[in-house]
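Down below is the structure, laid out as structure tokens.
Residue numbers run from 1 in the order of the sequence given.
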Amino acid sequence: MVVLSDLLILCGRVYPRGSDMQKIKSLMTRQGLKSPPESLSDLGAIESLRVPGKEEFRELREQPSDPQAEQELINSIEQVYFSTDSFDIVRYELEKLPPVLNLQELEEYRDKLKQQQAAVSKKVADLILEKQPAYVKEEDYPGAIQLCLECQKAASTFKHYSCISELNSKLQDTLEQIEEQLDVALSKICKNFDINHYTKVQQAYRLLGKTQTAMDQLHMHFTQAIHNTVFQVVLGYVELCAGNTDTKFQKLQYKDLCTHVTPDSYIPCLADLCKALWEVMLSYYRTMEWHEKHDNEDTTSASEGSNMMGTEETNFDRGYIKKKLEHGLTRIWQDVQLKVKTYLLGTDLSIFKYDDFIFVLDIISRLMQVGEEFCGSKSEVLQDSIRKQSVNYFKNYHRTRLDELRMFLENETWELCPVKSNFSILQLHEFKFMEQSRSPSVSPSKQPSSTSSKTVTLFEQYCSGGNPFEIQANHKDEETEDVLASNGYESDEQEKSAYQEYDSDSDVPEELKRDYVDEQTGDAPVKSVSRETLKSRKKSDYSLNKVNAPILTNTTLNVIRLVGKYMQMMNILKPIAFDVIHFMSQLFDYYLYAIYTFFGRNDSLESTGLGLSSSRLRTTLNRIQESLIDMEVSADPTATLTAAEERKEKVPSPHLSHLVVLTSGDTLYGLAERVVATESLVFLAEQFEFLQPHLDAVMPAVKKPFLQQFYSQTVSTASELRKPIYWIVAGKAIDYEQMLLLMANVKWDVKEIMSQHNIYVDALLKEFEQFNMRLNEVSKKVRIPLPVSNILWEHCIRLANRTIVEGYANVKKCSNEGRALMQLDFQQFLMKLEKLTDIRPIPDKEFVETYIKAYYLTENDMERWIKEHREYSTKQLINLVNVCLGSHINKKARQKLLSAVDDIDRPKR
């Protein structure tokens with residue numbers, strides 16, 4: 001009887017109690033209670049009571065379960081047993097006994113009490129088990145555990161009852177079930193971190209005293225989540241592309257599964273893979289954030305005073321968790337890298353188009369950025385996995401581009417590609433990526449942050465939502481380029497305006513009716529040409545009627561676009577920066593070599609001794625020819641494999657298109673084409689100069705000398721090609737041979753001072769005027785920059801002055817009056833020439849004047865003069881000796897001077 005009372009008290013303690021006994025009884029008849037349990041801490045000690053025999057109890061428990069019968073048994077319990085008031089149950093039962101005792105009746109009454117006791121025991125257990133899922137379903141894991149723990153505590157008070165012992169065992173089983181479900185709840189954190197959910201889970205583990213175990217489990221779940229995530233993403237694409245419901249793919253290893261991804265689905269699958277892995281890493285990041293926040297809160301509460309023993313234990317747990325989380329960062333990122341590496345190596349990327357390959361690199365670059373922010377990793381695994389593929393891909397890509405460049409150059413007619421005056425390579429799609437970082441020499445982390453904003457990490461940016469890999473799918477060429485102009489003008493009206501105003505200036509002197517710009521800068525970005533501008537313009541500039549737009553061709557633009565593509569790859573994959581820059585330098589090398597081959601190669605130039613090609617330029621051209629140009633030597637069957645491989649790396653020398661005519665005097669021997677070609681090279685060199693800081697920023701330190709040498713020895717020589725190329729035009733533009741013939745007909749041994757210059761001077765000046773007119777005509781087709789027109793004039797004047805000296809050196813007889821006539825002729829030439837050009841000083845003016853003055857030297861002065869003036873040819877010096885001093889010195893003295901001429905090793909200018 002006492003056992004039943006105790007059970008009823010336990011049942012009443014576990015569930016909310018009303019003021020009346022009937023409420024308690026009704027509670028027991030309920031199937032599920034929604035209010036949380038009250039504490040069992042107030043449960044008092046109960047005196048030792050008789051424990052029923054195990055056999056008796058088992059006998060009752062083994063009887064078939066009948067809920068209705070059990071409920072009737074509970075209903076038959078007297079109300080007094082539901083009372084929380086202390087009363088003597090033994091006395092109560094004894095007082096109920098009849099005066100005359102009947103053994104059979106007593107045994108029947110005892111069995112009835114035992115049945116009531118068994119029904120109440122089972123009801124208590126059932127109610128606890130029913131209550132527990134309600135908590136779990138509502139994810140109130142702390143509530144469920146709290147309920148079990150309090151029930152266990154209450155049950156321990158009555159553990160001497162065998163029925164309570166069974167209840168305790170059931171409570172332990174329930175607790176283990178809750179732990180299993182708690183572990184499942186913990187695993188959900190890995191893919192979608194929810195702060196409320198995680199807080200409840202952590203509270204539950206803390207109630208269990210298993211926070212360290214929870215952290216160990218959590219890391220196992222993250223590892224499993226990474227594996228399951230990548231497998232499911234790749235499996236989804238493989239099955240989708242296979243187009244059937246065959247389950248064979250599900251049995252494959254992840255590595256083998258990756259080889260079944262089709263090229264078409266490779267990029268979307270990679271993007272989804274990275275999206276899913278980002279979610280896992282973000283959950284880990286937010287898990288760490290949660291612990292950091294709660295560690296701070298716990299530290300604060302601990303400092304306000306608490307149990308020392310408990311604080312030490314909490315600190316130990318906290319330290320363990322912190323270390324575990326920090327170590328987990330590297331481990332998780334390593335797992336991510338290995339999974340993505342396996343995916344990358346599962347497909348041959350060499351078949352990809354350039355844009356698609358760049359797209360893959362862009363995704364991997366973003367992923368490596370995530371890794372660096374996640375755990376400070378340099379992502380060696382990812383870099384190694386893609387570096388080799390990238391170099392091989394790029395090598396093949398570059399080889400194809402070089403062959404294309406040769407084709408472009410051989411079909412190029414060197415006509416102007418009309419771009420706007422404000423054209424910049426940054427306007428091209430291929431260079432859009434540079435807008436994100438205009439200061440490449442300083443990494444984003446080292447750039448001074450403004451007071452208004454600081455660098456936001458990807459985890460901070462996407463912590464609340466979104467995904468850094470979402471943008472990948474929408475970033476292709478959203479903007480249109482706007483770089484082309486019409487015929488070199490910003491508009492047709494501007495072109496019309498320029499020519500109308502230019503043609504209407506009848507009051508401008510004829511010799512000033514040319515189109516020129518500022519001599520100092522060479523620039524003239526004017527909207528239209530005013531009379532004042534025409535009157536004040538310089539004679540040497542042929543650009544005034546053209547907007548100062550860059551001079552380039554379609555081929556130049558293609559090379560620049562290629563450079564942009566190369567830089568995209570280098571920017572994304574910095575470890576292959578040297579390979580990419582080396583290939584970029586070959587693009588420039590080949591372009592420069594082609595321009596020289598088409599327009600500047602002329603062996604007769606070198607024989608003039610005028611040093612038109614600097615030693616640096618000659619060295620550069622030789623280097624390019626040896627390292628890059630396949631000189632089309634027939635394949636030698638005995639050649640080594642190395643030689644064959646080296647030849648594979650080379651490109652055949654390009655040939656000028658037959659459509660380009662360089663032999664017509666009317667076009668100044670293809671001057672327009674020469675200007676476009678040469679100045680496009682200069683423009684290309686300027687773009688490389690602009691890009692140098694960007695290239696230098698990504699070039700490995702040990703390779704920087706290569707970059708420096710490329711710029712100092714190659715890029716800077718581009719403008720030096722102007723001299724040999726325009727010299728060829730200058731050498732044909734003026735009829736120097738005709739002038740020599742006219743000079744040969746002049747009588748120089750005149751006996752009187754002449755006041756009229758010779759006709760060869762007028763003929764020469766007429767040649768220059770015609771040259772000026774042709775130059776002007778060419779300038780209407782293509783803008784001639786000031787440095788170009790200056791070089792052309794300088795070349796022509798230099799050649800003319802050297803022709804004059806050569807003509808004087810052909811004179812057989814010359815009197816003092818004849819020497820005066822030479823001076824008169826030259827002064828007349830200079831005076832008229834200075835009206836045609838602004839070039840000052842006149843090139844080689846002293847070369848002529850010094851030679852004329854040498855006619856007046858004495859024998860002693862002549863010997864010293866010969867030794868000091870090595871710029872003249874042997875023929876010119878011998879002429880001075882024979883004609884100037886011939887009649888004044890003896891044969892021995894003449895022979896001495898001639899020997900001095902022969903003995904001097906004269907370097908050519």
Side-chain angles (χ1 to χ4, degrees), residues 13-14 36-41 43 124-125 127-157 159 164-190 193-225 283-284 286-288 290-295 297-299 301-302 306-325 328:
R13 296 288 186 177
V14 170
E38 295 184 11
S39 173
L40 300 178
S41 58
L43 199 64
V124 169
L127 286 173
I128 291 172
L129 293 175
E130 285 175 19
K131 185 65 179 172
Q132 173 263 329
Y135 281 103
V136 174
K137 190 174 181 181
E138 295 171 8
E139 295 190 346
D140 186 3
Y141 305 107
I145 291 170
Q146 184 78 19
L147 170 62
C148 279
L149 291 176
E150 290 188 355
C151 286
Q152 278 186 327
K153 187 176 179 182
S156 68
T157 310
K159 61 185 177 183
I164 297 296
S165 176
E166 284 197 15
L167 173 62
N168 214 15
S169 176
K170 276 198 172 186
L171 288 171
Q172 186 59 38
D173 291 343
T174 301
L175 204 56
E176 288 173 5
Q177 288 176 23
I178 295 174
E179 275 195 56
E180 288 175 8
Q181 291 174 344
L182 190 58
D183 190 53
V184 172
L186 184 66
S187 69
K188 293 178 181 176
I189 295 296
C190 301
F193 182 89
D194 180 87
I195 191 166
N196 295 325
H197 180 81
Y198 191 64
T199 301
K200 287 178 182 178
V201 170
Q202 280 296 320
Q203 286 173 349
Y205 275 112
R206 187 172 291 188
L207 281 172
L208 292 171
K210 294 185 176 183
T211 51
Q212 291 187 26
T213 305
M215 193 48 58
D216 294 339
Q217 285 294 109
L218 183 62
H219 280 82
M220 287 175 57
H221 288 315
F222 268 107
T223 301
Q224 192 62 35
S283 291
Y284 195 88
R286 296 191 66 191
T287 302
M288 289 192 73
W290 186 95
H291 282 280
E292 285 174 12
K293 180 184 175 185
H294 284 76
D295 282 355
E297 291 175 359
D298 291 346
T299 306
S301 60
S306 63
N307 185 307
M308 184 61 70
M309 185 79 71
T311 302
E312 287 180 4
E313 189 176 340
T314 304
N315 286 341
F316 178 79
D317 283 350
R318 193 159 53 233
Y320 177 86
I321 290 169
K322 185 178 181 182
K323 198 168 286 185
K324 187 82 175 175
L325 284 168

### Query
Can you tell me how far CD of Glu176 sits from OG1 of Thr174, rounded to the nearest 0.5 angstrom?
9.0 Å
### Query
How are the rings of Tyr198 and Phe193 set to each other: parallel, tilted or perpendicular (split at 30° and 60°)?
tilted
### Message
Could you work out, with ring pair (Phe, Tyr, Trp, His ring centres under 6.0 Å) as the rule, every residue matching Tyr205, not counting sequence neighbours?
### Response
none
### Message
Are the side chains of Ile145 and Leu182 in contact, using a 4.5 Å heavy-atom criterion?
### Response
yes
### Task
State the CD-CD1 distance between Gln217 and Ile189, to the nearest 0.5 angstrom.
14.0 Å
### Query
Stepwise, does the side-chain hydrogen bond (donor to acceptor under 3.5 Å, both in side chains) test hold for Gln146 with Glu150?
CA-CA 6 Å; Gln146 184 78 19; Glu150 290 188 355; 2.9 Å; yes
### Summary
Ala204 and Tyr141 have their tightest heavy-atom pair at CB-CB, 3.6 Å
### Summary
To the nearest 0.5 Å, atom SG of Cys148 lies from atom CG of Leu207 at 11.5 Å
### Query
Between atom CD of Gln177 and atom CD of Gln172, what is the distance when rounded to the nearest 0.5 Å?
11.0 Å
### Query
About how many Å separate CE of Met288 and CG of Leu325, when rounded to the nearest 0.5 Å?
5.0 Å
### Task
Taking the side chain as every heavy atom from C-beta outward, state whether Thr287 and Leu218 have any atom pair closer than 4.5 Å.
yes
#### Entry: Contact list for residues 207-222, test salt bridge (Lys or Arg N to Asp or Glu O under 4.0 Å), sequence neighbours left out
Glu179-Lys210, Asp216-Lys324
### Query
Is there a donor-acceptor contact under 3.5 Å from the side chain of Ser187 to the main chain of His221?
no
### Query
How about His219 and Tyr284: are their ring centroids closer than 6.0 Å?
yes
